[in-house]
Amino acid sequence: MKSDAATARADFAAALKDAAIAALIALGVTLPLVGFRTDQGPDYKLILTTRFDLVAVMVALVFAARLALTLWTGHRPHAAGSSAVLERLKPAGSALFRLAGPALLGLALVLPFLPVTGRYELDLGILILTYIMLGWGLNIVVGLAGLLDLGYVAFYAVGAYSFAIISTQVIPATLPALGPWAFWICLPIAGLLAAFWGIVLGFPVLRLRGDYLAIVTLAFGEIIRIVLLNWQDFSGGPNGIASIPRPTFFGLPFTPGKDGFAATFGLHFDPTHRIVFLYYVILMLALITAFVSTRLRRLPIGRAWEALREDEIACRSLGINTTNTKLTAFALGAMFGGFAGSFFATRQGFISPESFNFMESAMILAIVVLGGAGSLLGVVISAIAMVGGVEMLRNLEFLKSVFGPNFDPTQYRMLIFGLVMVLIMIWRPRGLIATRRPSIALKEKKTISSDLIQEGHG
Amino acid sequence: MRRWENEPILAVEHLTMRFGGLIAVNDLSFQAGRGDITAIIGPNGAGKTTVFNCVTGFYRPTEGRIALVHGDAATLKAHLGPVTAHDRGFARFADGAVFLLERLPDHLVARHARVARTFQNIRLFQGMTVLENLLVAQHNGLMHASNFTVGGLIGLPGFRKAEKAAVARAVHWLEKVNLVARADDPAGDLPYGDQRRLEIARAMCSDPVLLCLDEPAAGLNPRESAALNALLLSIRQETGTSILLIEHDMSVVMEISDHVVVLDYGVKIADGSPEEIKNDPKVIAAYLGVEDEAEVEKIVEEVGLD
């Protein structure tokens with residue numbers, strides 16, 4: 001017992017020393033960067049102001065955080081009891097995960113009819129579902145086939161612009177009678193066009209792997225955006241395309257008039273009808289994406305994708321045409337991106353190249369990586385956290401009571417967001433749900449640990 | 001006997017492979033007999049794996065012809081010339097088919113010529129289960145059965161039947177390599193010896209006529225090595241698959257091979273039955289790098305060539 005106390009004291013001393021060193025480094029960094037500030041004075045001369053109090057706060061924070069971290073990680077191996085508790089909780093955890101899918105689906109189905117759901121919640125739901133769908137689409141490329149795609153937003157843009165151009169220009173010029181059906185006609189066309197561009201992108205990048213693939217796909221995303229920005233006659237340039245037709249309820253518009261949806265079904269006209277309808281459209285599209293991608297995983301093509309992620313050379317030695325396999329992954333992923341893009345166009349009614357910048361690609365990729373590449377449920381959870389969480393950070397008014405009325409919490413939104421991302425990646429480097437369910441089993445499906453799963457090299 | 005002369009399945013002629021200034025394989029010609037176990041041996045860096053990569057389509061040789069025949073010697077004799085003259089990788093005839101492997105990309109060598117291979121450093125799909133590994137090996141057949149995914153997606157019964165057959169085939173090979181109990185475990189979790197056998201089972205699931213094994217006994221203990229010998233012999237006996245193997249373990253080579261080709265510095269220095277090779281002074285010199293007779297004797301005893 002005595003020796004235990006002695007080691008504990010030694011540990012604490014070491015932790016203190018470690019924290020002191022971290023604090024010293026923090027002091028070295030913050031003193032010149034934060035400690036001194038130059039402002040332009042009234043006579044246009046520089047005034048040096050010092051902010052040593054701020055430096056002291058930062059150094060103290062670093063010291064405390066480092067000390068806490070060392071003590072916590074240092075204590076973990078000693079606390080055998082707590083890990084046993086965790087082991088016992090594991091089955092409960094996996095049961096929770098098994099129930100999470102159906103529970104989330106049930107919630108998604110009834111959301112528009114919940115009493116707490118207003119216009120804002122519905123819009124947020126639509127936004128989250130759009131990202132879930134994009135995440136699931138990209139999951140085919142990144143999670144299953146292991147091809148790192150940084151330009152996924154290009155296919156989202158192709159879908160949106162295909163929809164916008166066909167519905168505002170092509171249909172009125174050729175078959176105006178189809179007007180009310182525009183959405184349902186353009187949706188598959190937009191998906192196919194996006195798939196086509198997926199193949200177009202696929203061809204040049206087939207030979208590339210890893211970082212090189214990422215750079216070329218990034219460039220492809222930018223090319224699409226810049227073409228849309230500069231090709232005025234085709235895409236309207238920076239002005240974008242406006243007055244894109246709204247979706248109709250299979251031909252019935254959501255208008256207050258006699259032929260409208262509400263009048264036909266004897267309902268009182270309410271503008272949220274359209275939002276509810278949009279919500280169900282994107283829910284259905286997302287569910288189709290989920291259905292197709294779970295189904296594909298159990299088909300030879302899905303297994304070939306995963307095999308490609310695991311070992312491309314072995315695939316070739318087994319007679320798998322890796323070129324076609326990669327192209328189908330790109331094309332199918334792009335197609336779902338295209339569907340989501342046309343939904344985006346019809347929901348917004350206006351699109352411009354600004355909506356399709358690199359941040360969107362990064363966001364979708366972050367959702368997939370954070371959720372755990374290959375996991376559908378992981379993508380849902382991380383989409384809710386990333387999109388919904390960032391939305392919630394807008395309501396940080398309570399921080400004003402802590403930091404004073406001049407504090408603007410929305411400015412710290414991205415900072416908090418970034419911090420959380422870093423923490424999650426430290427805690428779960430392979431994403432929230434990094435394990436893999438086998439696609440077929442002789443007796444029982446055993447979950448495969450993430451240590452064995454390869455990430456793919458492009 | 002000398003089946004490799006009368007009844008070849010694979011005929012390598014004047015194969016040369018240069019990497020820049022390095023000549024890895026120089027004007028190599030040999031034949032492998034139908035149903036034979038042919039061993040390619042040689043010191044490290046002799047160009048054995050390069051030959052393998054040329055045969056399986058992973059490398060495009062600088063010069064030379066690699067012909068594989070489905071059919072008999074007459075098929076090869078009748079069609080090899082015309083197929084070579086036409087600018088084609090392969091051609092099928094009533095009495096078989098002739099493939100020029102140096103003209104085919106790797107996946108077509110595996111798919112059409114039905115040449116399967118394993119790798120020196122095992123290449124399994126580690127994050128997939130043992131069963132999944134064996135189903136990926138049957139990709140092309142299943143792809144057809146799923147009507148290129150469309151039929152499978154809507155759940156046509158034809159695909160389900162084909163998948164059942166594929167699973168049955170996988171189970172058959174798992175029984176052969178003694179891994180049925182581990183069918184649902186990830187391949188990366190298996191011990192080394194099991195992974196080697198699984199890789200052979202995976203190659204056999206693609207229904208090859210020629211199985212190329214790159215150092216299958218590397219890293220195996222004597223008991224596993226003996227089991228491997230038995231497995232290879234039973235594969236040959238049961239399916240008639242010809243086997244081409246690279247091996248360092250002389251006990252494997254001498255015990256099971258019908259025909260041995262010896263390479264040194266990319267050149268063939270001997271070619272014949274194991275008996276002939278064992279007594280070839282050139283082979284002994286190349287392998288052991290000594291010329292003193294007495295020392296050779298001593299090392300031969302240690303290595304167990306006799």
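Everything numeric in this text was worked out from a predicted model, so none of it was measured. Residue numbers begin at 1 in each chain, while the letters A, B, ... track the order of the sequences.
When heavy atoms are compared at a cutoff of 4.5 Å, B/T56 does not approach chain A at all. At a 4.5 Å heavy-atom cutoff, B/V109 makes no contact with chain A through either its backbone or its side chain. Heavy atoms of B/A137 lying under 4.5 Å from chain A belong to its backbone as well as its side chain. Proximity to chain B (any heavy atom under 4.5 Å) is restricted, for A/R436, to the side chain, taken from C-beta onward. With a 4.5 angstrom heavy-atom cutoff, B/V167 touches chain A only via side-chain atoms. No part of B/L108 comes within reach of chain A, as not one of its non-hydrogen atoms sits under 4.5 angstrom from that chain. Only the side chain of B/N140 comes within contact range of chain A, with heavy atoms under 4.5 Å apart.
A/T289 contributes no side-chain N or O that, together with a main-chain N or O of A/G137, makes up a donor-acceptor pair within less than 3.5 Å.
Heavy-atom neighbours of B/H144 NE2 from other residues, nucleotides or ligands within 6.0 Å: at or below the threshold of 12. Counting non-hydrogen atoms of other residues, nucleotides and ligands closer than 6.0 Å to CZ of A/R437 gives a total above 12. Under a cut-off of 6.0 angstrom, the local environment of OH in B/Y192 is crowded, with over 12 non-hydrogen atoms contributed by other residues, nucleotides or ligands.
Among the candidates B/R114, B/Q138, B/E163, B/E199, the residue making the largest number of heavy-atom pairs closer than 4.5 Å to chain A is B/E163. Of all the listed residues (A/I313, A/L296, A/I453), the one sharing the greatest number of non-hydrogen pairs under 4.5 Å with chain B is A/I313. Of the listed residues (B/H139, B/H112, B/M143, B/R111), the greatest number of heavy-atom pairs within a distance under 4.5 Å of chain A belongs to B/H139. Your options are B/D184, B/D185, B/N133, and the one with the most heavy-atom pairs under 4.5 Å with chain A is B/D184.
Between B/F19 and B/Y59, the distance separating the two ring centers is shorter than 6.0 angstrom.
Annotation: residues 442-452 of chain A contacts chain B through A/L442, A/K443, A/E444, A/K446, A/I448, A/L452 [non-hydrogen atoms, separation under 4.5 Å].
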Applying salt bridge (Lys or Arg N to Asp or Glu O under 4.0 Å) to B/K48 and B/E215, what does each step give before you reach the verdict?
CA-CA 10 Å; B/K48 304 179 297 284; B/E215 298 200 20; 5.1 Å; no
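B/R117 forms a cation-pi arrangement with B/F119, by the criterion of a distance under 6.0 Å to the ring centre and an angle within 45° of the ring axis. Taking the centre and axis of the six-membered ring of B/F99, the NZ or CZ atom of B/R92 falls outside the cone set by 45° and 6.0 Å.
At a threshold of 4.0 Å, the pair B/R196-B/E224 does not count as salt-bridged, since none of the basic side-chain nitrogens sits closer than that to a carboxylate oxygen. With respect to A/E306 and A/R309, a salt bridge is recorded, a charged nitrogen being found less than 4.0 Å from a carboxylate O. Ion pair B/R202/B/E132 not flagged as a salt bridge, since none of the NZ, NE, NH1 or NH2 atoms sits closer than 4.0 Å to an Asp/Glu carboxylate oxygen.
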